[in-house]
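Quick notes on the structure that follows.
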Amino acid sequence: MDYEAVMKLALERGFYFPSCEVYADAQAGFWEYGPSGVSLKNKFLELWRRELVRRDGMLEIDGAQIMSKSVFEASGHLSNFADPIIKCTKCNSTFRADRVIADVAQIEIPESADLDEFDNAISQNNIKCPKCKGDFEKTKKFNMMFRVGIGPEGEEAYLRPETCQSIFVDFPRLYKTMRGRLPLGIAQVGKSFRNEISPRQSLLRLREFYQAEIEIFCNPSRLDEVEKFAEIQDTIIRVQTDSEPVAMTCKEAVESGTVPNKLVAYYLGILTEFYEKTGIDISKSRFRKLGDKEKAFYAKVAFDFEVETTIGWLELVACNYRSDYDLSGHARTSKEKFDVMDNDEKVLPHIFEISMGIDRSLYAILEHSLKDDKEHERIVLSLKPYLSPIHVGILSLVKKDGLKEKTDEIFLNIKRKFDAFLDHSGAIGRRYRRLDEVGAPFAITVDHQTLEDNTVTIRERDSMKQTRINISEIDSILSESVAFP
RNA sequence: GCGGAGUUAGUUUAGUCUGGUAUAACGUCAGCUUCCCAAGCUGAAGGCCACGGGUUCAAAUCCCGCACUCCGCACCA
């Protein structure tokens, strides 16, 4: 289904909706998760922990969202995470200074250059507004980080623009106290903040958003010594270096040089296996190798994991080989030691990161799972059972003759163990439809026969098939059916 | 940030040109119908029309501003 249909479902069924919507001064780029959205997100993260964090024996931390100025001096965000912008005095159009100068005068000025350089280039080449030929104001820096003032003096600090900086600065302590050995993965789920110029499309471009980031600390001279590689060497990944994605095994990807080494291929492999289990259609995905101009300022090699949706290819994960950019930066600025012993060799670890956008991933899962079942006149959210906000609906066929009481009793017995939803009101077909829309994989219905022989019907969402089971079997059947794979 | 379109109930929407405090469907809730796939019947709740200002006896409707949403441009780890 398309973006509009997902949006409608999100608003009607409590997945997500605009923040502060009752106030007129609500700002763009901020969205809330409702009950269904939170449940889906929690389950998605549980799957992420199982398939990546636990599978690879990573350490998970939970860092502060506000970090000191020094962190971002060391990380380069204060100088690099900003665009030089120029504004036309006549028509108020805003442009990126480096782009206009490159287009008009063919002069390449790096975006991190001093502001004077841009102003000089503009006056020397007599560059005017491309739209109205007006004059430009002086070049300004627009930094995408949110600045905050700490305490009564308003000491300078920033909301983190990516969660991984806490992982980098915590690395020395974690390595020492958690008995670290290279390669070591450290993971974190949390919020990041970026002052986007134009947030768009609900969860797809937010100013406050969730990331699940994994930083792999590794010895750069041993990137092909990866024992675990055997686990995924036959896993098929889709890699795009030119115009079309090409499906290949991880082994072939390394041997052909498409992916630079076994370590990177291993993580692309387990990431693909993870996304397969979210229900996203992997045949509509690709790892797109980024060109030099597209890469982030810290990345040596970068693959974006992208998924095809009705609004185009959507970047869900950035996989960047950051080399020693981060640790050497923090070592230099903090004067702390970030190098460690690996066997008998002292190394400053390199970093490969898997930076996942959670909100976008959830959107992609919803879009790929939402089906219009025209034959039965229903909208079905065919989520994997272990990701469904509601595991099971517990329904009474009718309220009277003691069916309500019997239904309540069943609900009481399972509600702590499963996400169960009790519903007595309205026509039974309507209640099934409602459960279909929030993606509940099962519905259990108590009818008159239940009172005679303690059996209930269990209906399966996608096939609409019903089977009669004993009440005593409910727990084991559900446990098995909604378990994580 | 620029240009265009839009904003009326939970959702989709009529009404805006031709000013007189608002329409419908679906959804929701309660009840009836001994009822297993959005059935039927009865009833109810829900909006002062994004927000702020102006014109007018009177504004959802006209004017100005502003915010947000969508589409393009630009931007985007």
Side-chain angles (χ1 to χ4, degrees), chain A residues 3-5 7-14 17-31 34 75-77 80-83 85-88 91-96 98-100 103 111 129-132 142 144 161-164 192 194-202 204-207 209 211 213 290 294-299 302 304 311 315 317-320 322 353 355-357 373 375-379 395-401 403 424-437 443-449 456-459 461 464-466 468:
Chain A
Y3 176 83
E4 292 290 326
M7 194 67 235
K8 189 164 183 268
L9 179 82
L11 291 173
E12 284 183 341
R13 297 287 173 209
F17 45 87
S19 180
C20 311
E21 60 178 337
V22 301
Y23 286 105
D25 64 348
Q27 293 293 305
F30 300 92
W31 289 70
S75 72
H77 282 87
N80 290 322
F81 197 58
D83 293 332
I85 54 170
I86 44 176
K87 196 170 181 181
C88 171
C91 70
N92 269 337
S93 298
T94 306
F95 302 91
R96 274 188 59 158
D98 54 331
R99 292 210 162 204
V100 174
D103 285 352
E111 58 176 48
C129 173
K131 274 193 183 163
C132 73
F142 175 69
M144 304 247 296
E162 52 179 6
T163 57
C164 58
S192 291
R194 295 177 193 176
N195 201 357
E196 295 284 351
I197 295 170
S198 63
R200 278 280 164 92
Q201 290 170 316
S202 60
L204 305 187
R205 188 107 143 268
L206 294 160
R207 288 187 168 129
F209 59 100
Q211 291 186 301
E213 292 196 299
L290 298 189
E294 285 183 291
K295 285 185 303 195
F297 60 84
Y298 46 67
D304 276 357
I311 48 171
E315 179 196 337
V317 188
C319 304
N320 296 306
R322 300 173 71 124
E353 85 169 347
S355 172
M356 180 180 295
D373 180 359
E375 187 191 341
H376 299 104
E377 290 182 67
R378 57 176 193 152
I379 303 289
L395 317 176
S396 51
L397 185 61
V398 293
K399 265 186 266 190
K400 56 189 183 183
D401 300 335
L403 295 191
H424 293 300
S425 69
I428 192 74
R430 176 171 305 171
R431 284 180 274 163
Y432 287 144
R433 293 299 189 282
R434 237 186 328 236
L435 289 167
D436 289 340
E437 276 193 28
I444 284 172
T445 305
V446 170
D447 56 19
H448 289 96
Q449 195 182 328
V456 292
T457 59
I458 182 162
R459 170 190 183 267
R461 175 193 65 206
M464 297 171 73
K465 279 206 184 106
Q466 286 182 296
R468 191 161 275 280

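No experiment lies behind these values; they were computed from the predicted model shown. Computed from heavy atoms alone, side chains included, the values below leave out hydrogens, waters and symmetry copies. Just so it is clear: chains get the letters A, B, ... in the order the sequence lines come, proteins before strands, and each one is counted from 1.
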Report the base-pairing partner of B/G1 (Watson-Crick or G-U wobble, both distances below 3.5 angstrom), or none. B/C73
Pair assignment for B/U18, Watson-Crick or G-U wobble, requiring both distances under 3.5 Å: none
If you check the A/Lys8 side chain, which of B/U12, B/A38, B/U33 turns out closest? B/U12
When we call it a touch if two heavy atoms are under 4.0 Å apart, what does A/Pro18 touch: a base, just sugar-phosphate, or nothing? nothing
Searching all strands shown, indicate the nucleotide that pairs with B/G31 (Watson-Crick or G-U wobble; both distances under 3.5 Å). B/C41
For B/G6, the Watson-Crick or wobble counterpart (both distances under 3.5 Å): B/C68
Contacts of A/Arg207 that satisfy salt bridge (charged side-chain N to carboxylate O under 4.0 Å, His left out) - sequence neighbours left out: none
Give the nucleotide from the list B/C37, B/U11, B/A77 with an atom nearest to the side chain of A/Glu315. B/A77
What closest approach, in Å, do A/Tyr432 and A/Ala443 show between heavy atoms, and which atom pair accounts for it? CE2-CB, 3.7 Å
Checking all strands, does A/Arg431 fall into the base, sugar-phosphate, or nothing category for heavy-atom contacts under 4.0 angstrom? nothing
Side-chain N,O (A/Lys399) to OP1/OP2 (B/C35) below 4.0 Å: no
Work out how far the P atom of B/C68 is from that of B/U23, and round it to whole angstrom. 32 Å
Integer angstrom distance from the C1' of B/G27 to that of B/A9: 11 Å
Under 4.0 Å, heavy atoms only, any strand: does A/Thr445 hit a base, just the sugar-phosphate, or nothing? base
Indicate, yes or no, whether a donor-acceptor pair under 3.5 Å links the base of B/A77 to the side chain of A/Glu353. no
B/U13 and B/A22, which share atom name C1', separated by this distance in whole Å: 12 Å
Looking for any heavy atom pair under 4.0 Å, which part of the strands does A/Tyr3 touch: base, sugar-phosphate only, or nothing? sugar-phosphate
What does nucleotides 21-28 of chain B look like as a protein-contact string, B for base, S for sugar-phosphate only, - for none, at under 4.0 angstrom between heavy atoms? ------SS
Protein-nucleotides 49-53 of chain B N/O pairs under 3.5 Å:
none

Base B/C75 paired with A/Arg194 side chain (donor-acceptor, <3.5 Å): no
What's the gap between B/C51 and B/A67 when it is taken at their C1' atoms, as a whole Å value? 7 Å
